[in-house]
2 protein chains.
Amino acid sequence: MSNSSTNSPEQHTASTPARILEVATQLFAENGFEKTTVRQISEAAGVNVAAVNYHFSDKEALYAEVLSRAHQCATSLHPARVAFEAGHPEEALREFVGILIKRIFDREHNQVFGRLMAFEMMQPTRALERLVEQEFLPTMKALSRIIVGVLGIDPGPAVLRRLCYSIVGQIVFYKHAGPLLSRMNPTLEYDDKEITELANHITRFSIAALRGYQIPREQDQ
Amino acid sequence: MSNSSTNSPEQHTASTPARILEVATQLFAENGFEKTTVRQISEAAGVNVAAVNYHFSDKEALYAEVLSRAHQCATSLHPARVAFEAGHPEEALREFVGILIKRIFDREHNQVFGRLMAFEMMQPTRALERLVEQEFLPTMKALSRIIVGVLGIDPGPAVLRRLCYSIVGQIVFYKHAGPLLSRMNPTLEYDDKEITELANHITRFSIAALRGYQIPREQDQ
DNA sequence: GGTCGTTTCAAACAGGCGTTTGACGGAGAG
DNA sequence: CTCTCCGTCAAACGCCTGTTTGAAACGACC
């Protein structure tokens, strides 16, 4: 009929499975899979408990659906360019960092994807396996190519891996350590401006690091 | 009577609360607070369920005790020098990174502290508040001083904060993303050699970044 | 030997969990 | 109208959670 979110409060507009999905996404992202109960979801969605098991077969299947949709949403809203290495490698790195930051914070969707991923990395469910193959490995390969471009030479697999993790680690830190950061800087909130400056900083930091990086000779692998 | 860990298998040697603590530490670090049940702990420790509530008042108090002991253990095994800024600032940074890495991996204690911290950062319990005050804020201040030393000038609080997080983020990434990393590199295990190279890499990366970092003018705070 | 405080134990407690059931009601088709 | 399918619902299912209970066993002291 009408839009789903721009309506009178406490009024059911979307279909039951849609409402369940929406609420479940929010709760899973807030509290993780374990701490979120089916009754919490059903009550918040204003539906019967049995509706969750009726429309989705069980809680884990619902979670898998939530994760899949959040991933699709994040990648479609902030798509990675088909080829990062098109232009200047340092510009490609800037774009890479920007996209990952945007996906992780994603203010339009309450940073759902970032939180879900953080939970998934700590306590993986079966839903993670597919994401590793389809998403993370290709992303790491893309980042590796960018790094080789910035460095000018290929430092070998082990060093390349650590360089990737150094860059990605800077980014995902803000999601993984979220509750800690909000305790250390209670006043600081991550609005668009802060996120932009964050992306600029990580790009600047990483490019400076790569430019001045003394590549060690590989001894393993 | 005798030592606690170097004994015949399946034999109870330590006192009941000691056994509970030992097993609970292991299980909490593996599965987090929520997924670990009191019955799991009591069975693994070979004691009655009620023993947990008898010796420690409840599950949360036991967890707080575990966290406190793990923290003490990590800081005493890998103590931070009273003043990092004693020698050359870049050497101080090397030492800082090395200590944090050692605390997080801590192979002698099954990397317990790192895992517990990772869980605590994602889903903080009340036990976190104390650690923020006593541990993280002072650590960040120490790292800030080191960074100012390496840079040569004070870049201001916002930039300094981001620089701290860029360095710490690289380190804690290996704990937060642990399950993911083991899926992406199934053969790679983090033994002493790998950990040493890891510390060297992060130090090299960070120093190069700080040396070449173009400090932006602060606009906020 | 008797007594006291401490520790252990099987059993039960109340409550929450994910899931299933069977009845109810409305809408569309024959 | 009747039949059927689909969605919803209150209620219950069996299981597991953290915690408590009251009795039994223990060791030390007088």
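These figures come from a predicted structure and were not determined experimentally. Order of the sequence lines sets the chain letters (A, B, ...), proteins ahead of strands, with each chain counted from 1.
Residue A/Thr16 has its side chain nearest to D/dT8 when only D/dT19, C/dT7, D/dT8 are considered. Considering only side-chain atoms of B/Lys59, the nucleotide from C/dT19, D/dG18, C/dT20 that sits closest is D/dG18. Looking at the side chain of B/Asp58, the nearest of the listed nucleotides C/dT20, D/dT19, C/dT19 is D/dT19.
Using a 4.0 Å heavy-atom cutoff across all strands shown, A/Ala51 reaches no nucleic acid atom at all.
Salt bridge annotation for B/Arg183-A/Glu129: present, with a cationic side-chain nitrogen under 4.0 angstrom from a carboxylate oxygen. A/Arg162 and B/Glu194 are joined by a salt bridge, as a carboxylate oxygen and a charged side-chain nitrogen come within less than 4.0 angstrom of each other. Comment: A/Glu197 does not engage A/Arg204 in a salt bridge, judged by the lack of any side-chain N to carboxylate O separation of less than 4.0 angstrom.
When rounded to the nearest whole Å, the span between CG of A/Asn53 and P of D/dA10 equals 16 Å. Between the C1' atom of C/dT8 and the CD1 atom of B/Ile20 lies a distance of 11 Å, rounded to the nearest Å. If you take CG of B/Leu27 and P of D/dG18, they are 12 Å apart, rounded to a whole angstrom. In this structure, A/Phe56 places its CZ atom 15 Å from P of C/dT20, rounding to the nearest Å. Between the OH atom of B/Tyr54 and the P atom of C/dT7 there is a distance of 4 Å, given to the nearest Å. The separation between B/Glu60 atom CD and D/dT17 atom P is 18 Å, rounded to whole Å.
Here B/Asn48 reaches the OP1 or OP2 of C/dA10: one of its side-chain N or O atoms lies under 4.0 Å away. Regarding contacts with the backbone of D/dC6, every side-chain N or O of A/His55 stays at 4.0 angstrom or more from both OP1 and OP2.
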Working for side chain to side chain contact (heavy atoms under 4.5 Å, CB included), residues A/Leu93 and A/Ile167: CA-CA 10 Å; A/Leu93 180 57; A/Ile167 293 173; 4.1 Å; yes
Trace of the side chain to side chain donor-acceptor pair (under 3.5 Å) decision for B/Gln170 with B/Ser206: CA-CA 9 Å; B/Gln170 292 179 68; B/Ser206 302; 3.1 Å; yes
Step-by-step side chain to side chain contact (heavy atoms under 4.5 Å, CB included) determination, A/Thr75 to A/Phe113: CA-CA 10 Å; A/Thr75 53; A/Phe113 180 64; 5.7 Å; no
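A salt bridge (Lys or Arg N to Asp or Glu O under 4.0 Å) check over residues 36-50 of chain A, counting only residues at least two apart or in different chains, returns nothing.
Across residues 30-40 of chain A, A/Thr36, A/Thr37, A/Val38, A/Arg39 each have a non-hydrogen atom less than 4.0 Å from an atom of DNA chain C (numbered order).
Taking the C1' atoms of five terminal pairs at each end of the helix from C/dG1-D/dC30 to C/dG30-D/dC1, the two resulting helix axes are inclined by 20°, rounded to 10°.
With ring centers used as reference points, A/Phe33 lies 6.0 Å or more from A/Phe119. The ring of A/Phe28 has its center closer than 6.0 angstrom to the ring center of A/Tyr63.
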